[in-house]
*Asks:* 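Attaching a single structure in structure tokens format; questions to follow.
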Amino acid sequence: MGPGPSAIAPRVLEAMARPVIGHLDPEFVSLMDRIKAQLQRAFRTDNPLTMPVSGPGSAGMESCIVNLLEPGETVVICQNGVFGGRLKAMAERCGATVVDVKDEWGRAVSPEKLASTLDRTPQARVVAFVHAETSTGALSDAAALAGIAKDYDCLTIVDAVTSLGGSPLEVDLWGLDAVYSGTQKCLSCMPGLSPLTMSSRALQKIGQRRKPVQSWFMDVTLVAGYWGGSARRVYHHTAPVNALYGLDEALLMLHEESMEAAWLRHQRNHAVLCAGLEALGVDFFVPPAERIPQLNTVRVPAGINEARVRERLLEDFDIEIGAGLGALAGKVWRIGLMGHSSRRENVMACLAALGHLLMDEGLKVSVAEATAEAERALR
Ligand SMILES: *Cc1c(COP(=O)(O)O)cnc(C)c1O
């Protein structure tokens, strides 16, 4: 129950234990086609360039940055947490000039700030932002931000690592251009793959590059020869076959449940956790309208030893939660309810264990009351 990786369903683990086959085996080619179709359904897109990058979420992030930016170009990057900062660091390494849109940690990206920044930055052609900032627990309005970017004739790079499968994400409807995710958050698969999708507008910009992408491995025009729609696939790199068996199964589970039902489940379990935590006197860090249901960032109550409670949760109760990053270290806990981990029994177990430990630390709280409040929220 940390900020990822989430728990993996036994079905997915079993799928990963299947025998390795050649990465150009006809059987494997049909697996690739199935994964691609399932990713298009998950991202809600018809983009032909939709595939898992062989590498973690950060590899998907870097793929978008290195393909869409050239040295000397200007990019507007929204930053309201750790991952916005990582986008900026990657863009600078590409030789791009970064113009910041900064928001307080724990708040959504401000659409007004993005619009006024773009007003002052007519040379920008790309805007990048994080949909669900896992470092703080804040969800931004991706549809609004993308709409503004389009008004200023900018393409969007969108980090959907934590949002895909847990919160509504509509790539085509919202007009997002380059979107990447990760397999270890709400898809509940092993870490190490990064689903990616790119619009025809993004591919057009890449086609007009003055210089080739400096990363051979991440150049999407080369990878597309392997993952692309054509019947004749050419070797690019050896695909992580067993990881892809797992992704196929995890996506199958997601679509068996349906995207809408998964979003609702994440929202419901968040509401139940929230009711119980409030009864324990534990406050949320993010305002209600800006919370990511699958990542609950809460303030450590005054006088409580943050690390000791987290360690005892793991040692005594087998529950892992996350610590704060950067400026939030020691001040918050991050409780993940992602994918297969977003289950009623996990919420109740976490509330009971945390309540017990807070009592041990000397707080006057009632586990029975917290459980009763959580159960009331279920109805
Ligand atoms: C986890 C995460 C990443 C990085 O993913 P890795 O698989 O750790 O490289 C990027 N962005 C967000 C919002 C994340 O939550």
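Each ligand, and each atom within it, is numbered from 1 in the order the structure gives.
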*Asks:* Starting from atom 1 (C) of ligand 1, locate the nearest protein heavy atom and write down its residue, its atom name and how far away it is, to 0.1 Å.
*Replies:* Lys185 NZ, 1.5 Å
*Asks:* Give me the nearest non-hydrogen protein atom to atom 9 (O) of ligand 1 as residue plus atom name, then the distance to 0.1 Å.
*Replies:* Ser58 OG, 2.6 Å
*Asks:* Should Glu73 and Arg125 be marked as a salt bridge (Lys or Arg N to Asp or Glu O under 4.0 Å) after you check the CA-CA gap, both sets of side-chain angles, and the distance that decides it?
*Replies:* CA-CA 8 Å; Glu73 267 192 287; Arg125 290 281 72 85; over 6 Å; no
*Asks:* Taking the six-membered ring for Trp, is the centroid-to-centroid distance between Phe83 and His131 below 6.0 Å?
*Replies:* no
*Asks:* Pick one of side chain, backbone, both or neither for how Ala132 approaches ligand 1, counting any non-hydrogen atom pair under 4.0 Å.
*Replies:* backbone
*Asks:* As an exercise, identify every atom of ligand 1 less than 4.0 angstrom from a heavy atom of Pro56.
*Replies:* 6 (P), 7 (O), 9 (O)
*Asks:* At what distance is the nearest protein heavy atom to atom 3 (C) of ligand 1, and which residue and atom is it?
*Replies:* Phe83 CE2, 3.4 Å
*Asks:* Please state which protein non-hydrogen atom is closest to atom 8 (O) of ligand 1 and give its distance, to 0.1 Å?
*Replies:* Gln184 NE2, 3.8 Å
*Asks:* Side chains of Thr136 and Thr297: is there a donor and an acceptor less than 3.5 Å apart?
*Replies:* no
*Asks:* Quick test: of every protein heavy atom, which one is nearest to atom 11 (N) of ligand 1, and how far off is it to 0.1 Å?
*Replies:* Asp159 OD2, 2.6 Å
*Asks:* Give the atom numbers and elements of ligand 1 that come within less than 4.0 Å of a heavy atom of Thr162.
*Replies:* 15 (O)
*Asks:* If you define the side chain from C-beta out and look only at heavy atoms, does anything of Leu328 sit under 4.5 Å from Phe285?
*Replies:* yes
*Asks:* So which of Ser342, Pro3, Ser6, Cys186 actually passes side chain to side chain contact (heavy atoms under 4.5 Å, CB included) with Gln294?
*Replies:* Cys186
*Asks:* Looking only at protein heavy atoms, which one is nearest to atom 15 (O) of ligand 1, and what is the separation?
*Replies:* Thr134 OG1, 2.3 Å
*Asks:* Students often mix this up, so state it plainly: with edges at 30° and 60°, are the rings of Tyr235 and His23 parallel, tilted or perpendicular?
*Replies:* tilted
*Asks:* When you measure from atom 5 (O) of ligand 1 to every protein heavy atom, which one gives the shortest distance, and what is it?
*Replies:* Gly57 CA, 3.5 Å
*Asks:* Does even one non-hydrogen atom of Gly81 get within less than 4.0 Å of ligand 1?
*Replies:* no
*Asks:* Does any donor atom in the side chain of Asn346 or Ser341 lie under 3.5 Å from an acceptor atom in the other side chain?
*Replies:* no
*Asks:* Would you say the rings of His237 and Trp216 are close, in the sense that their centroids are separated by under 6.0 Å?
*Replies:* no
